[in-house]
Trainee: 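Got a structure for you, written out below as structure tokens; questions coming shortly.
Worth saying up front: this structure is predicted, and the values here are computed from it rather than measured. Throughout, protein chains are lettered first and strands after them, A, B, ... in sequence-line order, and every chain is numbered starting at 1.
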There are 2 protein chains.
Amino acid sequence: MREGTSEAVNVVMSYKVDSDYNVVKGNNVGMIRRVSDDRPYHHGNLRTALLAAAERGLRERGADELALRDLAREIGVSHAAPRRHFPTRQALLDALAEDGFARLDSVLLTALEGTGGTAAHVRAVMTAYVRFATENAALADLMYTSKHRPGAERLLEAAAAPFGRMRELVLRGQSEGVLRGGDPDRLGMVLIATLQGLASMVNSAIAEPEQLGDLLETAFAQFVL
Amino acid sequence: MREGTSEAVNVVMSYKVDSDYNVVKGNNVGMIRRVSDDRPYHHGNLRTALLAAAERGLRERGADELALRDLAREIGVSHAAPRRHFPTRQALLDALAEDGFARLDSVLLTALEGTGGTAAHVRAVMTAYVRFATENAALADLMYTSKHRPGAERLLEAAAAPFGRMRELVLRGQSEGVLRGGDPDRLGMVLIATLQGLASMVNSAIAEPEQLGDLLETAFAQFVL
DNA sequence: ACCTGAACACCGTTCAAGT
DNA sequence: ACCTGAACACCGTTCAAGT
């Protein structure tokens, strides 16, 4: 853990030699990743490491507490290192939101793989959405906050996946006569809006989590004939 | 504007004597409020001044850019002065959100004063809500973000006003047979959730503002029989 | 009671320099 | 190409001190 200390006064710096004889430096020795066996986080996958750490931070402390310098420290790189992968803090937040839409899409996909007819699928998707958005409250917030910003195109593309999946389900439901008629894009948008809104109510403590089942049932009855 | 300059090196400090012969000091002379006629902001209504400045900042630059030090500078008090009125930055944000619920309530009240029957009132309230939440996007975000926090009781109480108003409208609509049946609390919650969700979609640029009319119409058709 | 000024411990961002 | 270290210009928060 402590193999040597530099002589310079005021500079808390330690070095360490791994089994490959590479010198690893850092201000925070305790945080240095082992370089020998499973390759260090940095040099190759800093981006992935940053996203993983950021996601944990987001869930555990919220977006406001997410500091690039903290993440860099946790991973064991300099505070300027993240810049190569995320030029700005907002870029990291955008990447998290983008990943959030991808995860949401796969959650919805899983819900659609369940047994039962279309009505059952609608119910399953609705439940899955609200579950995802309440279990990942800070992430859901991030996913739906002001994308009126240059460079947010990727994010909007990522959002298109779950929305497209929802649209397909709506089309299927309408053709089978289990869902209300009308423009499927509009109905799909209203459906997601309702679900996101319900999640917001729970996340903001305006509605209680225990009410969610009943609220979902009320919403379900409005969409399914 | 510049009446004198202190001699101290490295200290950029100017003083100014107003018509009441009070010496006003500050690092940013251009921002100093006139002390003579209309009484300065500070000394009496700093809280109000802070909220007003914060509201403008929220609208113009978003919550992330809202800095207590900035507001203090703009108003012309020391950076530590806000502390008396808002012990923490979060306290200021909470106060903004609280005010937001009060403003929303009065907006809904106004919508309910329009002509027409209950169905028309429902439509008016729905439109008014979404209009408010899209014209005050950053504020709406603030109003629905994690109140799972000690000291957020006042905020939840403030939220009760517009929700109560919505509930009354739902009860009226149900008794007149223009709204779907079921638990009025649940239906009211789903209604607000739908509206807030639609506003989120527009604010996040996932839906376009031009679609709002159609989306509202689709939502309206789901609640009104 | 309300505000000031200095201080502390952070930030995000930039940039020359290293390998 | 990717990372470091120092530097810059900010923050929020705290606290003794002033009036």
Trainee: Would you check if the side chain of Asn203(A) reaches a backbone N or O of Thr145(B) as a donor-acceptor pair within less than 3.5 Å?
Mentor: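 Not confirmed, Asn203(A) side chain does not pair with Thr145(B) backbone.
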Trainee: N/O contacts under 3.5 Å, protein versus nucleotides 9-11 of chain D?
Mentor:
residue : atom : partner  : partner atom : Å
dC11(D) : OP1  : Asp70(B) : OD1          : 3.0
dC11(D) : OP1  : Arg73(B) : NH2          : 3.0
dC11(D) : OP2  : Arg73(B) : NH2          : 2.9

Trainee: One pair to check against side-chain contact (heavy atoms from CB on, under 4.5 Å): Asp183(A) and Thr218(B). What are the steps and the verdict?
Mentor: CA-CA 9 Å; Asp183(A) 186 311; Thr218(B) 300; over 6 Å; no
Trainee: Identify which nucleotide among dC3(C), dC3(D), dT14(C) has an atom closest to any side-chain atom of Ala81(B), counting heavy atoms from C-beta outward.
Mentor: dC3(C)
Trainee: Give the rounded distance in Å between these two atoms: CD of Glu65(A) and P of dG12(C).
Mentor: 11 Å
Trainee: Please give, in whole Å, the distance from dG12(C) C1' to Asp64(A) CG?
Mentor: 15 Å
Trainee: Quickly work out the Arg84(B) CZ to dA16(D) C1' distance and round it to whole Å.
Mentor: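 In whole Å, dA16(D) C1' and Arg84(B) CZ are 12 Å from each other.
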Trainee: Would you kindly give the CZ-to-P distance between Arg83(B) and dC3(C), to the nearest whole Å?
Mentor: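 Computing the Arg83(B):CZ to dC3(C):P distance gives 14 Å.
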Trainee: Quickly, which of Arg154(B), Arg149(B), Lys147(B) forms a salt bridge (charged side-chain N to carboxylate O under 4.0 Å, His left out) with Asp94(B)? Name it, please.
Mentor: Arg149(B)
Trainee: To the nearest 0.5 Å, what is the distance between OG1 (Thr48(B)) and NE2 (His85(B))?
Mentor: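 The distance works out to 9.0 Å.
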Trainee: Please walk me through it: do Leu195(A) and Met166(A) pass side-chain contact (heavy atoms from CB on, under 4.5 Å)?
Mentor: CA-CA 12 Å; Leu195(A) 300 173; Met166(A) 216 54 138; 3.8 Å; yes
Trainee: Mind checking who dC15(D) pairs with, Watson-Crick or G-U wobble, both distances under 3.5 Å?
Mentor: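 In the structure as shown, dC15(D) has dG5(C) as its Watson-Crick or wobble partner.
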Trainee: Under 3.5 Å for both donor-acceptor distances, Watson-Crick or wobble: does dC10(D) have a partner, and if so which one?
Mentor: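 For dC10(D), the partner nucleotide comes out as none, under the 3.5 Å rule.
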Trainee: Applying the side-chain hydrogen bond (donor to acceptor under 3.5 Å, both in side chains) criterion to Asn136(B), which one of Arg103(B), Glu55(B), Arg131(B) satisfies it?
Mentor: Arg103(B)
Trainee: Is any side-chain N or O of His85(A) closer than 4.0 Å to OP1 or OP2 of dC2(D)?
Mentor: no
Trainee: Using whole Å, report how far CG of Leu46(B) lies from P of dA1(C).
Mentor: 17 Å
Trainee: Taking NE2 from His79(A) and P from dC2(D), how many angstroms apart are they, rounded to a whole number?
Mentor: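 Going from NE2 in His79(A) over to P in dC2(D) covers 19 Å.
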Trainee: Respond yes when some side-chain nitrogen or oxygen of Thr88(B) is under 4.0 Å from OP1 or OP2 of dG12(D), and no when none is.
Mentor: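 For dG12(D), neither OP1 nor OP2 has a side-chain N or O of Thr88(B) closer than 4.0 Å.
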Trainee: Determine whether a donor-acceptor pair (N or O, by modelled atom type, separation under 3.5 Å) exists between the side chain of Glu60(A) and the backbone of Gly57(A).
Mentor: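 Looks like no, no N/O pair under 3.5 Å.
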